Amino acid sequence: MAEAENRVDYSPIIERPPIKWPNDARVAFWISPNVEHYEYMPENEGVRNPWPRTPYPDVQQYSYRDYGNRVGFWRMLEPLDKHGIKCCVSLNMAVLEHFPEIGEAMVQRDYDYMSHGIYNTRYLYTHDEDQEREFYRDTIETLRLHTGKQLKGMLGPAISGTVRTPDLMAEAGLIYHTDWMHDDQPVPIKVNSGKLVSVPYSIELNDSTVLRDNHYEGDYFAYICKAQFDQLYREGAGSGRVMCIALHPFLIGQPHRIKYLDEILGYIMSHDGVWQTTADEIAEYYIANYYDEAVAHAQQLNG
């Protein structure tokens with residue numbers, strides 16, 4: 001098993017071989033709605049919940065996310081549909097069984113999906129190797145059963161993982177993860193077999209961080225999304241960049257915020273040179289066209 005600290009070779013972005021996205025796009029732009037289900041009485045495996053407020057049942061956090069599935073998700077679809085956005089959903093797979101109407105709406109739009117675990121209240125930290133292998137089997141089969149799609153990537157449940165996670169992901173046939181928010185371009189990850197890449201996700205352009213954790217509001221979220229796009233668009237003239245906006249229906253889908261999502265999407269999609277895409281498509285394109293070159297370049301730099 002590769003040591004965790006050696007999973008990724010260092011390669012400064014200013015010296016890498018340039019990336020050209022399809023149709024000479026400057027920015028590969030993808031939207032990741034986190035469609036989640038927070039259990040009323042989650043299993044307790046000795047890992048403290050990331051939102052500990054009360055002993056279970058945590059009615060506030062359960063109901064907050066329930067708002068996203070009852071109301072916010074449907075409101076969020078309106079600006080996404082208006083601007084023709086194909087999303088890559090960060091999905092708690094149990095949503096497909098608990099809320100089949102949500103699953104049907106996503107299938108109708110031909111969204112792509114990356115695993116965000118079964119529930120957002122169950123983590124990989126405590127899994128042994130056999131349990132983690134079973135986790136990938138379960139998520140792959142659940143997605144195929146309900147959507148007909150092949151699972152290709154993952155944002156770990158509550159961004160959790162083990163030192164084995166990259167190897168076991170690749171072993172299961174996955175080709176990317178988005179946990180390591182360490183670059184503006186895809187990056188190869190060393191695994192025991194197969195090929196795995198890190199696709200840029202975002203905690204910065206993430207309504208959970210901005211709106212919930214830091215208590216900013218929708219106008220500020222729109223401002224930083226547009227500012228980040230402007231910078232990446234300039235840089236992308238030389239070598240393509242990736243921009244992800246991470247959304248949560250219970251946050252961006254609130255009545256007073258939804259207009260800002262419309263504003264963000266309208267601004268970005270008004271530019272030429274934007275490849276509106278998904279994490280699946282970014283990973284596949286990068287592996288097919290740049291993975292081997294990037295590995296060779298990094299090896300040359302690192303001896």
Side-chain angles (χ1 to χ4, degrees), residues 19-36 68-69 72-93 95-96 99-116 139 143-144 146-155 174-178 185-186 197 199-202 205-207 225-226 228-229 232-233 236 240-249 252-253 258 260-289:
I19 290 176
K20 294 297 182 184
W21 296 129
N23 299 316
D24 290 325
R26 297 184 181 194
V27 176
F29 172 56
W30 68 288
I31 294 285
S32 180
N34 287 259
V35 181
E36 302 171 343
N69 293 326
F73 173 82
W74 306 100
R75 184 177 286 129
M76 180 187 68
L77 289 181
E78 294 179 11
L80 292 173
D81 288 349
K82 174 182 174 181
H83 297 284
I85 302 298
K86 180 179 178 179
C87 295
C88 185
V89 179
S90 173
L91 181 65
N92 289 159
M93 294 298 166
V95 166
L96 297 171
F99 311 110
E101 297 87 351
I102 292 177
E104 182 180 352
M106 296 188 297
V107 169
Q108 287 175 348
R109 289 162 174 80
D110 192 32
Y111 285 173
D112 286 341
Y113 311 88
M114 60 180 179
S115 169
H116 198 29
T139 55
L143 185 69
R144 184 183 295 116
H146 291 280
T147 72
K149 291 223 171 183
Q150 176 64 39
L151 184 66
K152 297 175 183 174
M154 181 174 76
L155 176 69
L174 278 64
I175 61 170
Y176 72 90
H177 79 41
T178 60
Q185 294 178 333
V197 297
V199 172
Y201 181 72
S202 184
L205 301 188
N206 188 311
D207 58 4
C225 286
K226 290 188 286 186
Q228 180 144 323
F229 173 78
L232 293 176
Y233 191 76
R241 301 300 200 256
V242 176
M243 177 171 169
C244 173
I245 299 178
L247 305 172
H248 295 74
I252 200 65
I258 198 65
Y260 296 109
L261 179 57
D262 183 36
E263 178 184 332
I264 293 165
L265 297 177
Y267 179 78
I268 292 173
M269 296 304 293
S270 70
H271 289 72
D272 294 329
V274 174
W275 178 31
Q276 200 287 296
T277 186
T278 67
D280 283 23
E281 293 171 348
I282 292 169
E284 289 176 321
Y285 183 87
Y286 181 82
I287 288 172
N289 294 280

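Source: prediction; values computed, not measured.
- Trp21 pairs by the ring-ring contact (aromatic ring centres under 6.0 Å, His included) definition with Trp275, Tyr285, not counting sequence neighbours.
- Panel note: side chain Gln185, backbone Gly240; a donor-acceptor pair is recorded below 3.5 Å.
- Closest non-hydrogen pair, Pro200 versus Pro186, comes out as CD-N, 3.9 Å.
- Counting heavy atoms from C-beta on, the side chains of Val35 and Asn92 never come closer than 4.5 Å.
- Ile85 is not listed as a side-chain neighbour of Tyr111, based on a closest heavy-atom distance of 4.5 Å or more.
- For the pair Ile258 and Ile252, the tightest heavy-atom approach, listed with the atom from each and the gap, is CD1-O, 3.5 Å.
- Rounding to the nearest 0.5 Å gives a distance of 4.0 Å between CD1 of Ile102 and CG of Asn69.
- At a threshold of 4.5 Å between non-hydrogen side-chain atoms, the residues Val89 and Met106 count as touching.
- Side chains of Asp262 and Lys82 form a contact here, defined as non-hydrogen atoms less than 4.5 Å apart.
- Using a 4.5 Å cut-off on side-chain heavy atoms (C-beta onward), Phe29 and His271 make no contact.
- The main-chain N or O of His248 is never found under 3.5 Å from a side-chain atom of Asn34 such that the two would form a donor-acceptor pair.
- Met243 has its side chain within reach of Leu205: a pair of non-hydrogen atoms, C-beta onward, lies under 4.5 Å apart.
- The minimum heavy-atom distance between Arg75 and Gly253, with the atom names listed, is NH1-O, 2.6 Å.
- Under the ring-ring contact (aromatic ring centres under 6.0 Å, His included) criterion, His116 pairs with no residue at all, not counting sequence neighbours.
- The two residues Ser202 and Ala246 come nearest to each other via the heavy atoms O-CB, 3.9 Å.
- Ile264 contributes atom CD1, which lies 5.0 Å from atom CD1 of Ile245 (distance to the nearest 0.5 angstrom).
- Scanning for side-chain hydrogen bond (donor to acceptor under 3.5 Å, both in side chains) contacts around His177 gives an empty result, with sequence neighbours left out.
- With sequence neighbours excluded, the residues that form a salt bridge (Lys or Arg N to Asp or Glu O under 4.0 Å) with Glu284 are Lys152.
- By the side-chain hydrogen bond (donor to acceptor under 3.5 Å, both in side chains) test, Thr278 pairs with Asp112, sequence neighbours left out.
- With sequence neighbours excluded, the residues that form a side chain to side chain contact (heavy atoms under 4.5 Å, CB included) with Gln150 are Ile140, Arg144.
- The side chain to side chain contact (heavy atoms under 4.5 Å, CB included) check on Thr147 picks up Leu96, Val107, Tyr113, Leu143, Lys149, with sequence neighbours excluded.
- How far CE of Met154 is from CG of Leu174: 7.5 Å, rounded to the nearest 0.5 Å.
- Taking 4.5 Å as the limit, some side-chain heavy atom of Cys88 sits within range of a side-chain heavy atom of Asp280.
- By the 4.5 Å heavy-atom criterion applied to side chains, Ile268 and His83 are not counted as neighbours.
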Between Glu36 and Val95, is a side-chain contact (heavy atoms from CB on, under 4.5 Å) present by the stated rule, with each step listed? CA-CA 7 Å; Glu36 302 171 343; Val95 166; 5.7 Å; no
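- Ala283 pairs by the side chain to side chain contact (heavy atoms under 4.5 Å, CB included) definition with Ile175, Tyr176, Val197, Val199, not counting sequence neighbours.
- Remark: Thr277 pairs with Glu281 by the side-chain hydrogen bond (donor to acceptor under 3.5 Å, both in side chains) rule, at least two apart or across chains.
- Asp81 is linked by a salt bridge (Lys or Arg N to Asp or Glu O under 4.0 Å) to Arg109, counting only residues two or more places apart in sequence or in another chain.
- To the nearest 0.5 Å, atoms CG (Asn206) and SG (Cys244) are separated by 8.0 Å.
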Carefully, step by step, assess Phe229 and Arg241 under the rule side-chain contact (heavy atoms from CB on, under 4.5 Å). CA-CA 10 Å; Phe229 173 78; Arg241 301 300 200 256; over 6 Å; no
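- Under the side-chain hydrogen bond (donor to acceptor under 3.5 Å, both in side chains) criterion, Gln108 pairs with Glu104, sequence neighbours left out.
- Note that the CG atom of Leu91 and the OG1 atom of Thr139 stand 10.0 Å from one another [nearest 0.5 Å].
- Taking SG of Cys87 as the start and CG of Leu77 as the end, the distance is 8.0 Å to the nearest 0.5 Å.
- Applying the side chain to side chain contact (heavy atoms under 4.5 Å, CB included) criterion to Arg26, with sequence neighbours excluded, gives Tyr233, Ala237.
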